Amino acid sequence: MQTFQTLLAKRLVDALAKAGFPNVGELTQATDSRFGDYQTNAALILGKQRGENPRDVGAKILERLDVSDLSESPTVAGAGFINFTLRADAVAKKAAELFADERLGVARSASPKKIVIDFGSPNVAKPMHVGHIRSTALGDALARIATFIGHDVIRDNHIGDWGTQFGMVIWGWKNLLDREALQRDPLAEIVRVYKETNARSTSDPAVREACRQELVKLQSGDKENTGIWNECVALSMQDFEHVYELLDIHYDIQCGESFYDDRLAGVVDRLLKSKIAEVSEGAVVVFFRGVPELADKPCIIRKSDGGFNYATSDIATVEYRINELTRDTLWYVVGAPQTLHFRQIFEIARREGYKADFRHIPFGNVLGEDRKLMKTRSGENVPLRQLLEEACVRARKIVEEKNPGLTEAEKIDIARTIGIGAVKYADLSQYRMTDYIFSWDKMLALQGNTAPYLQNAYVRIRSIFRKAGESAPKTDKFILNESAEITLAKRLCQFAEIVPQVLNDFRPNILANYLFELADGFHAFYEACPVLRSDEPVRGSRLALCDLTGRILQRGLDLLGIKVPEKM
RNA sequence: GUGUCUGUAGCUCAACUGGAUAGAGCAUCUGACUUCGGAUCAGAAGGUUGGGGGUUCGAAUCCCUCCAGGCACGCCA
């Protein structure tokens, strides 16, 4: 199925060819409803190229442009835009097509990619905290959207399970561990031990040296230390899994840093042999002398003490993903502070001859109401698990207030759908680069651009069908007379145009914004157009509009990783 | 110092690869209810897009410069 945008764009290309013009400009959704539904700037560009009046050029294009089955007569407006207003019957026809389409009009990609998405990436021996919500929710949403569009996606959790912090964890485990506390809350005890060891090692050089020794033993395969490490990883993973379960986010593979450990020496040898890397001050380093922004920012791939660092392991990761996972597209959903690191890694990969499409997808911070990095009162990171549980508790209170008649099981389920949805939506509905201020009241509000508002629009639709005693409409014949009906139907047709746009620059907020406008359009329709009280065939048409709206809300939210309740 | 990101209504945020008179939501003010869930709708008011230059038919968007803030910049990850 083709969208109005692609249909009109094709007609425009034809008209340009017939008029002897080159194919220039673009056809987009109108920037303002005053200008109709779609617009093209082709005449503006041609006018400039040819030194003619753009409005005259526009008139020439219109002579060759046949869109009479889709649009009212297009007009030349303003400086030379050509504007299109869809015909109501064309919209009705398209709505019927959408109605019959499980994909709701969204086309599969003509050139499917083989993508690996690296997102989430918590560290072992540290609890997941609010900072992880962005990478995790964003990466999951991108994975869902890319999959729906038809790409082949592998979700990879690149867990921080190897590195210098394990010297401290192991020393702490041997010297400070409280076994009872470990039984009660394993991760909390590991974290306590890690923190205390960290504090001691900064003040006591002997402890620092002992930690270093433990790390060396671990890395050379010492049995006891490997055992402790295994246990720490397993306990941390259990905690992560609990959070992923709450979030309904799941991975295809979880290849952490340790997975690449035995490849690191080979990476360094190879880069030295190919002269991409060189020895400098005892370390193995890659310089980027030809790249101005990186010229004074070398990348160390082996420390002077012989140890490897995260750059080494990320290079090994690139190699694995391309060669063994046979990926041609690598997405890294990792915070903005690591921008330089990824530029270096991607540059090295290019020098090694890897042709894949590398994308670092950076994002900003979550701030507290005080506009500083979100922390607890005592200055600690806010554990993600605790935050998600609080979201459910707060959502539960709202449900209790609004709809006390629900059963206990329903309340639990709905509170979770709303609470988790609110947290994810607050994140995804904003441009990823801007820091955002975390506010329970705003994200759980029932009005405004929030998950509960969208979920409520869906609930109202379901309520109509419950009242009608029908689970689905009986007709797919759309009769669009009222302006609220036409506006809503046009909005429904735009879903298929919006979804692929998200991946242009990895902006789920575009989809979130669309869904908000859709819900808004539905409410306006709901106000102006009685459904169950109207006579056939209008009643059936309006039920079909409700159904289609509900399905798009549900699917759109699903692409963001958010569920919808039947009641709330 | 170098690089990079951010700066838009009182507040929280949009504006896809440059498009027309910069849009929403909160909050404020005016209206509409024996409502298919008012958990709503209709409307008003609110702006020198941090400042200043430049590029062009056209700039929040691109270039230069300055201001404010964040982050990163060989041996943590």
Side-chain angles (χ1 to χ4, degrees), chain A residues 25-26 28-32 34-35 39 41 44-45 47-48 53-54 77-81 83 121 123 160 162-165 257 280-287 292-305 307 309-311 313-314 335-341 343 362 364-365 371 373 398 401-403 426 429-431 433-437 439 441-442 445-450 452-453 455-457 459-468 484 497-498 500-502 504-505 507 509-510 512-513 516-517 520 523-524 526-534 542 546 567-568:
Chain A
E26 53 191 7
T28 58
Q29 287 178 15
T31 52
D32 191 303
R34 287 192 304 267
F35 307 133
Q39 65 183 46
N41 59 354
L44 287 163
I45 294 168
K48 184 181 180 183
N53 182 338
F81 292 95
N83 291 336
S121 310
N123 289 312
W162 198 249
T164 47
Q165 81 268 29
E257 289 167 353
S280 167
E281 297 173 31
V284 178
V285 180
V286 177
F287 289 98
E293 317 89 86
L294 298 179
D296 59 343
K297 295 176 170 59
C299 177
I300 292 179
I301 59 170
R302 192 177 71 199
K303 299 184 285 183
S304 53
D305 69 359
N309 57 17
Y310 79 140
S313 109
D314 272 349
Q338 298 205 37
T339 301
L340 173 61
H341 167 70
R343 288 191 71 164
N365 299 310
R371 297 172 164 281
L373 274 182
I398 295 169
E401 208 174 287
K402 297 288 183 185
N403 211 341
S429 61
Q430 257 159 87
Y431 176 52
M433 284 306 290
T434 50
D435 293 349
Y436 79 93
I437 295 173
S439 161
D441 291 341
K442 282 183 179 152
L446 296 155
Q447 54 279 104
N449 190 4
T450 65
Y453 175 81
Q455 288 167 327
N456 181 56
V459 165
R460 282 187 144 188
I461 291 168
R462 297 314 307 157
S463 173
I464 290 173
F465 283 100
R466 271 197 301 276
K467 185 146 286 189
E497 296 169 0
I498 293 292
Q501 260 187 43
V502 172
N504 277 351
D505 193 31
R507 297 185 184 218
N509 65 304
I510 292 176
N513 193 55
F516 176 63
E517 286 173 353
D520 222 30
H523 279 129
Y526 182 89
E527 201 74 19
C529 304
V531 178
L532 299 178
R533 281 180 280 136
S534 55
R542 289 182 177 169
C546 289
K567 301 176 190 172
M568 64 191 277

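Treat the numbers as computed from the prediction; the structure is a model and nothing was measured. In what follows, chains carry the letters A, B, and so on, assigned in the order in which the sequence lines appear, proteins first and then strands, with residues in each chain numbered from 1.
At a threshold of 4.0 angstrom between heavy atoms, the contacts of A:E281 include nucleobase atoms, whether or not backbone atoms are also involved. Residue contacts for A:D520: at a heavy-atom cut-off of 4.0 Å it reaches the sugar-phosphate backbone alone, with no base atom in range. A:L532 comes within 4.0 angstrom of a nucleotide base, judged by non-hydrogen atoms across all strands. No contact: A:A336 has no heavy atom under 4.0 Å from any strand. Residue contacts shown for A:N83 include a base, since a base heavy atom lies under 4.0 Å away. No engagement by A:S313 is indicated, since no non-hydrogen atom pair under 4.0 Å with the nucleic acid exists. Nucleic acid contact class of A:V502 (heavy atoms, under 4.0 Å, all strands): none.
Here the side chains of A:L446 and A:I398 are in contact, with some heavy-atom distance below 4.5 Å.
Listed by chain and number, the residues in a side-chain hydrogen bond (donor to acceptor under 3.5 Å, both in side chains) with A:Q29 are A:E497 (sequence neighbours excluded). Annotation: side-chain contact (heavy atoms from CB on, under 4.5 Å) contacts of A:R542 (sequence neighbours excluded): A:E482, A:E485, A:F525, A:C529, A:P530, A:V531, A:S534, A:V538. Every residue two or more places apart in sequence or in another chain that forms a ring pair (Phe, Tyr, Trp, His ring centres under 6.0 Å) with A:F516 is listed here: A:Y453.
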Between the protein and nucleotides 61-69 of chain B, list the N/O to N/O atom pairs that are separated by less than 3.5 angstrom.
none

Name the pairs: protein N/O against N/O of nucleotides 17-19 of chain B, kept only if under 3.5 Å.
| from | atom 1 | to | atom 2 | distance (Å) |
| --- | --- | --- | --- | --- |
| B:U17 | O4 | A:E26 | OE1 | 3.2 |
| B:G19 | N7 | A:N41 | ND2 | 3.1 |

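The side chain of A:M433 has B:C5 as its nearest neighbour among B:C75, B:C5, B:C36. Considering only side-chain atoms of A:Y431, the nucleotide from B:A14, B:A20, B:C71 that sits closest is B:A14. When the nucleotides B:A77, B:C71, B:C13 are ranked by their closest atom to the side chain of A:Y436, B:C13 comes out on top. Of the candidate nucleotides B:A14, B:A77, B:G3, B:A14 has the atom nearest to the side chain of A:Q430. When the nucleotides B:U40, B:C16, B:A77 are ranked by their closest atom to the side chain of A:I510, B:C16 comes out on top. Looking at the side chain of A:K467, the nearest of the listed nucleotides B:C36, B:G3, B:C76 is B:C36. Residue A:Y310 has its side chain nearest to B:A77 when only B:A77, B:C71, B:C73 are considered. When each of B:A20, B:A72, B:C16 is scored by its nearest atom to the side-chain atoms of A:P337, the top-ranked nucleotide is B:A72. Here the nucleotide nearest the side chain of A:I437, chosen from B:C41, B:G3, B:C13, is B:C13. Here the nucleotide nearest the side chain of A:A524, chosen from B:C36, B:C71, B:C41, is B:C41.
Looking at A:Q501, its side chain comes within 3.5 Å of the base of B:C16 through a donor and an acceptor atom. Judged by distance alone, with hydrogens and angles left aside, A:S463 brings no side-chain donor or acceptor close enough to the base of B:C36 to form a pair under 3.5 Å.
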* Structure fact -> Pairing string of RNA chain B (Watson-Crick or G-U wobble, both atom distances under 3.5 Å; | = paired to other strand) is (((((((..((((.....[...)))).(((((.......))))).....(((((..]....))))))))))))....

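Spacing of P atoms, B:U8 relative to B:A44, comes out at 25 Å, to the nearest Å. Between B:A68 and B:U49, the two C1' atoms lie 16 Å apart (nearest whole Å). Rounded to a whole angstrom, the distance from the C1' atom of B:A27 to that of B:G18 is 34 Å.
One finds a side-chain N or O of A:Q447 lying less than 4.0 angstrom from the OP1 or OP2 phosphate oxygen of B:U40. Using a 4.0 Å cut-off, no side-chain N or O of A:K442 falls inside it from OP1 or OP2 of B:C11. Checking the phosphate oxygens (OP1, OP2) of B:U40, no side-chain nitrogen or oxygen of A:H523 falls inside 4.0 Å. Checking the phosphate oxygens (OP1, OP2) of B:A15, a side-chain nitrogen or oxygen of A:N509 falls inside 4.0 Å. Between A:T434 and B:A14 there is a side-chain N or O to OP1 or OP2 distance below 4.0 Å.
Nucleotides of RNA chain B nearest to A:C529 and A:G448 differ in position, and the one nearer the 5' end is that of A:G448.
Stacking annotation: A:Y526 is not stacked on the base of B:U40 (requires ring centroids less than 5.5 angstrom apart and an interplanar angle below 30 degrees).
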